[in-house]
Amino acid sequence: MVAHLLRLRLLVMRNTLSRSPWQLVAVIIGAVYGIGILVLAFIGLTLLGSAPVELARTIVVLAGAATVLGWAVVPLLTSGIDQTLSVARLRVFPIAPSRLVLALAVCGVLGIPGAVTLLAGVFTAATWWRSPGIALAAVVTAAIAVLTCVCASRMIESLNAGLSSHRRYREISGILVLVPLLLLGPLITVLTAGIRGAADALPKLADGLSWSPLGAAWSVPSDLALGHYGEAGLKFLIAVATLAVIVLIWRRTLATALVTTVQPETKTAEAGHIGLFGWFPASPTGAVAARSLTYWTRDPRYSRQLILIPIFPILLYVNSRTLDLPSLVTAAGPVVAFLVSLSIFSDLSYDSTAFAAHLSARVTGRADRTGRVAAVAVFAVPVVAGITVGSAAVASSWAALPALLGLSLGILLSGLGLSSLSSSRIILPVPAPGDSPFAAKTGAGFTTSVTTFATWGILAALSLPEIVLAVVAGVVGSALLGWITLVVGLGLGAVVLSAGIRLGGREIERSGPELLARLRVPR
Amino acid sequence: MSDAPPPDPATRLVEPRRGDGTPALSIRGLWKRFGDKIAVQGLDLEVPSGSFYGLVGPNGAGKTTTLSMATGLLRPDAGELRILGVDVWADPTAAKRLVGVLSDGIALFDRLSGEQLITYHGLLNGMDRDTVTARTHDLLELLDMREAAGKLVVDYSAGMTKKIALATALIHAPRLLVLDEPFESVDPVSAANIRDILHGYVESGGTVIVSSHAMDMVQRMCDHVAVIADGRVLASGTIDEVRSGRDLEDVFVDLVGGRHHTRGPEWLRTS
């Protein structure tokens, strides 16, 4: 049975690869990358053998604990690490939970991430190559630690799957987990300043972690090397107990999951409450705008893009402080305008076949385009203007405000115009409605990134006049040039926007059925 | 946000206009190919005004493709399609005004509540707010969906999703209703209610086309039927003409072929 599942897993992997050559290229690049990391890890760990035991211990325990933590967090980020063998799909087969636990653990270890972790873990033995006894212990404890990684990850996934039946929870958790990751850069910058002074705190941290389930297994070999046999024994017990507890919890949740069906929890509005539809004008344009804006609040594929709005100002602020470049923060407005306006550059793809509603109701292209732009403009204009004014205040460069506003709003308007045109032509393979917003579509990565970068380039070209003007105004420090930038930005933006809406609208009316056919293609 | 003043569909009347000779839907020489597969090959079909027309055929016969082309959602390679005399592909706007569509395999904007979704379709059709509100209320009542009105469509059961899709097809009071697999996964009570609504609609002069592979239901519900296979019409006419005294299902199986007379492999027989 274990062999069956493993074979199924490998078969699915092979079939995915044979579907698209780009997929294969991606895997090869990934494999080269992974092997590179493994080689580096092996060399590094071997060299650690000549370093003081305390240093080796600190590094291995910290890295090991981070690995375990990483494995446990990943299932929260993606909707299931390995959909092939998800419990939901295996539910229909008569498999006892215990055998399923064993099979899934084996498949997990032998999958690509599992294998890389296992090899890297076993390489920690290389540090102790001088004393074979400790090296042997390192192999055993590393194996326990890697098993803990895989099982913990599966356990979290299984627990999460139970909670995930609450749709709202699933959508929000997936997005919130992203925030600390995106802020990792500035966090590290801020923290290193503190850590640099207290580098000796790291061994203490490692010591602390070595008593926790995260680091216990990784610290056993170095404890042996230091001659702390009692501690080594205790930590080995902690590691084994951790694994045992995780497996027990996992088995339990699996057993429950195997016999329960997902019961979605629902939220109900009062009858007669039609939300934003009551606020926008009762016209096709207003309806499209109300629908789009509702989606910005309810559909995680849209709302996750809103995270970028606070993140960029924070990133730029932190960097402007650490690099001692106060004016850097004023780039926040234009950058946010750039990203927000292009967030709908392939809007039709997100509609999926529901776009048929617009086609059936013969919505004019103009109403369709204007509505979608209006939905974004409702929040983007105040937000971008606010960020621009705020950044000028932080950098105390009020003189530059007109130029900055001209730049930000010009980019925003031009970007919305470009999106209106591009989304009438570009249909990208995106996550289907209801999928995890991070669920990558097979083979989508390449086309998506090429198209995205191309659109970025075009917008940069379209906004070139105000960019040049704003830069010159900033360098020369001319107030007049600043006001000219504002006028040019708004004027040019308005022209690009109306042209985009007109051309995009014409395109939608001309080739509506063809667009629907492309949206309909099973992807 | 300036739109041309929308034509008010409320002023269009669904008058009984039986017998004026214009078919509700007429299809001549329709062709459509996808890559090297020909989905519809020279299909001719005439749906009389005021009829309750069943379209039956095996999976992959071209029913959905034909109906998509008839409702302006898919461009045909060749052929002429007219809804109440209006050429669908020469004047799509006028034609689409006359038809309400429930398509199989088409997504809905399912992050809206049921009530919002119907409202959305109404407003997209250019109707004014009061009409939309009143009709949304009526439709929710009619389909027995008052309680689920505020729930997001994504949380609906399959049967409720079909019902809300039917409501979105009805909101602009079309003269012709094209329903692709409307009864799939709908419970018997809701299905009976929907059938009553459709019969009432036909009696008031509307025309309904349903595609289905539930022969029994088509036989009981419709007055006309066409059997489609391999992108062609094999038989069409009133139910009685087509079945000529036999059971519709037997006629269908004879026409379409492909029936196997075997009782499954040995190991599957438990006794």
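Letters A, B, ... are given to chains in the order of the sequence lines, protein chains preceding strands, and every chain is numbered from 1.
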Among A/Gly371, A/Ala287, A/Ala356, A/Ala290, the residue with the most heavy-atom pairs under 4.5 Å to chain B is A/Ala287

d(A/Arg369 CZ, A/Arg502 CZ) to nearest 0.5 Å is 14.5 Å

So, the part of A/Phe277 with a heavy atom under 4.5 Å from chain B: the answer is both

Could you walk me through whether A/Glu507 and A/Arg510 satisfy the salt bridge (charged side-chain N to carboxylate O under 4.0 Å, His left out) test, starting with their C-alpha distance in whole Å, then the side-chain angles of each, then the deciding distance to 0.1 Å, before giving a yes or no? CA-CA 5 Å; A/Glu507 180 70 18; A/Arg510 199 175 57 79; 3.2 Å; yes

* I would like to know whether B/Ser211 and B/Asp180 meet side-chain hydrogen bond (donor to acceptor under 3.5 Å, both in side chains); could you show each step before the answer? => CA-CA 5 Å; B/Ser211 83; B/Asp180 195 3; 2.5 Å; yes

Turns out that what part of B/Ser68 lies under 4.5 Å from chain A's heavy atoms comes down to side chain

Honestly, the part of A/Ser360 sitting under 4.5 Å from a heavy atom of chain B is both

- Item | B/His121 ring center within less than 6.0 Å of B/Phe109 ring center | no

Exactly one candidate in B/Thr66, B/Ile209, B/Ile27 meets side chain to side chain contact (heavy atoms under 4.5 Å, CB included) with B/Leu45; the answer is B/Ile27

Pair count under 4.5 Å, heavy atoms only, with chain A: among B/Thr119, B/Thr93, B/Leu73, B/Thr133, highest is B/Leu73

If one checks every heavy atom of A/Val288 against chain B at 4.5 Å, the contacting part turns out to be both

Heaviest contributor of heavy-atom pairs below 4.5 Å to chain A, chosen from B/Val132, B/Leu74, B/Leu112, B/Val99, is B/Leu112

| request: Determine, stepwise, if the pair A/Asp347 / A/Arg372 fulfils salt bridge (charged side-chain N to carboxylate O under 4.0 Å, His left out). | output: CA-CA 8 Å; A/Asp347 207 24; A/Arg372 289 170 199 267; 2.9 Å; yes

